[in-house]
Amino acid sequence: MNLPLNLQTDELMLPAPRLAAAGSLQTALAQRRSTRNFLADPLSIDELSALLWAAVGVNRTGPQRRTAPSAHNWQEIDVYAVLPEATWRYAAATHRLALVKTGDLRAL
């Protein structure tokens, strides 16, 4: 992935997620597939941004209303991006990545 990385800082601002036009629930379910085959091509920063937002991003105003529900709104889900350059924790409230560790940990 060609991220605008500056490993001298401990935070990476992500671009706003680009949300596709809404479709029907039936269409989404009909097109849903599971796969175990992955492309060798890295995700773009825009794709990573959208993926992280879809996983646990803030999707409405209020006390941290997220895309993924949690019991009593405790927000106990942490999402990490393990990239060739470093490992990052997604901070949903600010839509940023917080540096956890530099180096390639993908094999772990």
With no hydrogens and no angle check, just 3.5 Å: does a side-chain donor-acceptor pair link Thr87 and Arg89? no

For Ala30, does its backbone N or O pair with a side-chain atom of Arg33 as donor and acceptor, under 3.5 Å? yes

Has His95 got a side-chain atom pairing as donor or acceptor with Pro15's backbone, closer than 3.5 angstrom? yes

Of all heavy-atom pairs between Pro17 and Trp53, which one has the smallest distance, and what is that distance? CG-CG, 3.6 Å

Between Arg65 and Asn59, is there a side-chain heavy-atom distance shorter than 4.5 Å? yes

Would you say the side chain of Ile45 lies within less than 4.5 Å of the side chain of Leu14, judging by non-hydrogen atoms? yes

Heavy-atom check, side chain of Leu97 versus side chain of Leu48, under 4.5 Å: yes

Could you grab the distance from atom OG of Ser49 to atom CG of Leu43, nearest 0.5 Å is fine? 11.0 Å

Under the 3.5 angstrom rule, does the side chain of Trp88 hit a backbone N or O of Val100 as a donor-acceptor pair? no

Rounded distance (nearest 0.5 Å) linking atom CD of Glu85 with atom CG of Leu99: 11.0 Å

Can you tell me how far CD of Glu47 sits from CG of Asp41, rounded to the nearest 0.5 angstrom? 9.0 Å

According to a hydrophobic-cluster definition based on side-chain heavy atoms being under 4.5 Å apart (Ile, Leu, Val, Met, Phe, Trp, Tyr only), do Ile77 and Leu52 belong together? yes

